[in-house]
Protein chains: 2
Amino acid sequence: MSKDELVREVATSLRLLQQSFDAFDEAAATALKLNRTDLRALDLLLAGSTPLSAGQLSAALKLSPAATTTVIDRLERARLAGRIQDPHNRRRILVAATDTAREVEQDVYAPVGVAGAKALAGYTTEQLAIILDFLRVARHVQEEQATRLTSARP
Amino acid sequence: MSKDELVREVATSLRLLQQSFDAFDEAAATALKLNRTDLRALDLLLAGSTPLSAGQLSAALKLSPAATTTVIDRLERARLAGRIQDPHNRRRILVAATDTAREVEQDVYAPVGVAGAKALAGYTTEQLAIILDFLRVARHVQEEQATRLTSARP
DNA sequence: ACTCATCTTTCGACACTCGAAACCTCCTGT
DNA sequence: ACAGGAGGTTTCGAGTGTCGAAAGATGAGT
């Protein structure tokens with residue numbers, strides 16, 4: 001295959017990969033009976049080691065404070081997160097994932113890690129280094145293009 | 001860096017890449033004053049060489065026929081798509097992207113292609129082959145995991 | 001103390017999606 | 001021919017998620 005062809009194939013493969021990510025997220029949300037927003041919020045809560053305040057969650061989700069309140073409400077009702085008063089600042093509340101959420105997360109994401117690791121095991125370290133470099137470059141390009149679009153405000 | 005470390009780095013880089021894709025899509029939608037669904041629909045209309053019927057669009061978007069009607073309404077109102085009677089079947093309508101849509105698409109996506117090609121130019125064909133292989137493997141893993149989640153229905 | 005800023009919640013409105021029913025149009029069997 | 005059903009899109013009413021603005025509560029500075 002020529003280099004030009006390869007470049008094109010990489011581009012389309014990237015698009016397809018993106019779609020598969022999307023499909024997986026959709027499947028995960030359905031499996032957990034959550035909407036995409038609530039799943040994103042739960043991921044954020046599970047990712048960090050310390051609980052997030054409602055405001056931090058709002059910023060991270062790029063959602064209005066009002067909407068964030070209802071996100072927390074829904075997660076709380078599903079017993080996946082809980083509100084805690086911030087001991088240092090009683091205006092704030094902290095939102096923490098529950099143990100149930102952690103278990104559920106394991107069920108959903110652990111197999112992905114296993115399958116991913118297995119799939120990567122076949123590559124040499126040199127190859128992995130190339131892949132890693134590519135992933136970072138690709139991300140950089142995407143972010144550059146995203147800022148180009150957001151900063152162009154005529 | 002050890003191989004294990006590399007594998008972990010690749011995993012997190014993939015997550016970040018996914019997020020950057022999402023950010024770009026969001027930026028593109030905002031730039032075009034469309035919601036994400038309408039943008040997806042427009043992408044589909046622009047991707048194929050022939051117009052899509054409302055039903056095909058509905059299936060491709062995984063949206064109800066009712067919702068698809070309003071998607072088409074919105075795109076039509078924005079002068080980005082138009083309804084055409086199917087000459088062979090008067091029950092159906094075909095939805096086609098307008099020239100305006102094509103121009104707008106160029107503005108948004110052409111620079112991405114250029115930047116992407118430039119970024120990939122530095123790799124050798126061997127490296128590109130590895131990257132391409134990886135992308136396909138990654139997609140396969142994601143799809144497998146997605147089906148695992150969707151098929152598990154107790 | 002008072003005032004202003006910070007943080008979350010409540011409220012009313014709007015946008016997107018869905019299922020069900022309606023409406024045309026095509027196809028099939030008689 | 002044509003009656004009846006299947007295919008394709010739209011309309012309607014309801015449900016859910018999001019927002020901006022205002023309210024409520026607490027903190028910080030003067």
Side-chain angles (χ1 to χ4, degrees), chain A residues 22-23 25-45 48 50-78 80-96, chain B residues 22-23 25-45 48 50-78 80-96:
Chain A
D22 196 66
D25 273 7
E26 189 63 40
T30 319
L32 270 51
K33 302 185 207 283
L34 294 177
N35 65 42
R36 290 290 279 270
T37 300
D38 294 0
L39 179 59
R40 275 209 303 150
L42 190 57
D43 281 346
L44 286 168
L45 294 178
T50 85
L52 287 161
S53 78
Q56 290 172 324
L57 198 54
S58 172
L61 293 170
K62 291 184 181 163
L63 227 52
S64 72
T68 307
T69 294
T70 73
V71 169
I72 301 172
D73 285 347
R74 289 191 296 264
L75 288 178
E76 204 165 33
R77 204 171 321 122
L80 294 172
R83 284 178 164 90
I84 317 169
Q85 275 292 342
D86 184 330
H88 302 308
N89 186 340
R90 283 186 305 176
R91 285 172 303 187
R92 310 211 306 171
I93 60 142
L94 301 177
V95 188
Chain B
D22 195 66
D25 273 6
E26 189 63 41
T30 318
L32 269 52
K33 301 183 206 282
L34 294 177
N35 64 45
R36 292 287 282 269
T37 300
D38 294 359
L39 179 59
R40 275 209 304 151
L42 189 57
D43 282 346
L44 286 168
L45 294 178
T50 86
L52 287 161
S53 76
Q56 291 171 322
L57 197 55
S58 171
L61 292 171
K62 291 183 181 164
L63 227 50
S64 71
T68 306
T69 294
T70 74
V71 168
I72 301 170
D73 285 346
R74 289 191 296 263
L75 287 178
E76 203 165 35
R77 204 171 320 122
L80 294 172
R83 285 178 164 88
I84 316 167
Q85 275 290 344
D86 184 330
H88 302 308
N89 186 342
R90 284 185 303 175
R91 285 171 302 184
R92 310 211 308 170
I93 61 143
L94 302 176
V95 187

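Worth knowing before you read on, the calculation uses all heavy atoms, side chains too, and leaves out hydrogens, waters and symmetry mates. Chain identifiers are assigned alphabetically (A, B, ...) following the order of the sequence lines, protein sequences preceding nucleic acid strands; residue numbering begins at 1 within each chain.
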For nucleotides 15-19 of chain D, give me every protein contact, N/O to N/O, under 3.5 Å, one pair per line with atom names.
{"from": "dG17(D)", "atom 1": "OP1", "to": "Asn35(A)", "atom 2": "ND2", "distance (Å)": "2.8"}
{"from": "dT18(D)", "atom 1": "OP1", "to": "Thr37(A)", "atom 2": "OG1", "distance (Å)": "2.5"}
{"from": "dT18(D)", "atom 1": "OP2", "to": "Arg74(A)", "atom 2": "NH2", "distance (Å)": "3.0"}
{"from": "dC19(D)", "atom 1": "OP2", "to": "Ser64(A)", "atom 2": "N", "distance (Å)": "2.8"}
{"from": "dC19(D)", "atom 1": "OP2", "to": "Ser64(A)", "atom 2": "OG", "distance (Å)": "2.9"}

When Thr68(B), Leu52(B), Leu45(B) are each screened for side-chain contact (heavy atoms from CB on, under 4.5 Å) with Val95(B), the one that passes is Leu45(B)
Polar pairs (N or O, both sides) under 3.5 Å between protein and nucleotides 23-25 of chain D?
none

Using the test side chain to side chain contact (heavy atoms under 4.5 Å, CB included), find all partners of [X] that sit at least two apart in sequence or belong to another chain.
| X | answer |
| --- | --- |
| Ala59(B) | none |
| Ala54(A) | Ile72(A), Ile93(A) |
| Thr37(B) | Asn35(B), Leu63(B), Val71(B) |
| Arg36(A) | Asp22(A), Asp25(A), Glu26(A), Ala29(A) |

Measure CZ/Arg92(A) against C1'/dA28(D) and give the value in whole Å, please.
15 Å
Got Asp38(B) and Leu80(B) here, is their nearest side-chain heavy-atom distance under 4.5 Å?
no
Could you work out, with salt bridge (Lys or Arg N to Asp or Glu O under 4.0 Å) as the rule, every residue matching Arg40(A), not counting sequence neighbours?
none
Suppose we screen for salt bridge (Lys or Arg N to Asp or Glu O under 4.0 Å). Which residues come up paired with Asp43(A), at least two apart in sequence or across chains?
none
Sequence neighbours excluded, which residues qualify as side-chain hydrogen bond (donor to acceptor under 3.5 Å, both in side chains) partners of Arg90(A)?
none
Listed partners of Gln85(A) passing side-chain hydrogen bond (donor to acceptor under 3.5 Å, both in side chains), at least two apart:
none
Base, sugar-phosphate, or nothing for Arg83(A), non-hydrogen atoms under 4.0 angstrom?
sugar-phosphate
Chain B vs DNA chain C, heavy-atom contacts under 4.0 Å, first-to-last nucleotide span, 5' to 3', is dC16(C) to dC26(C)
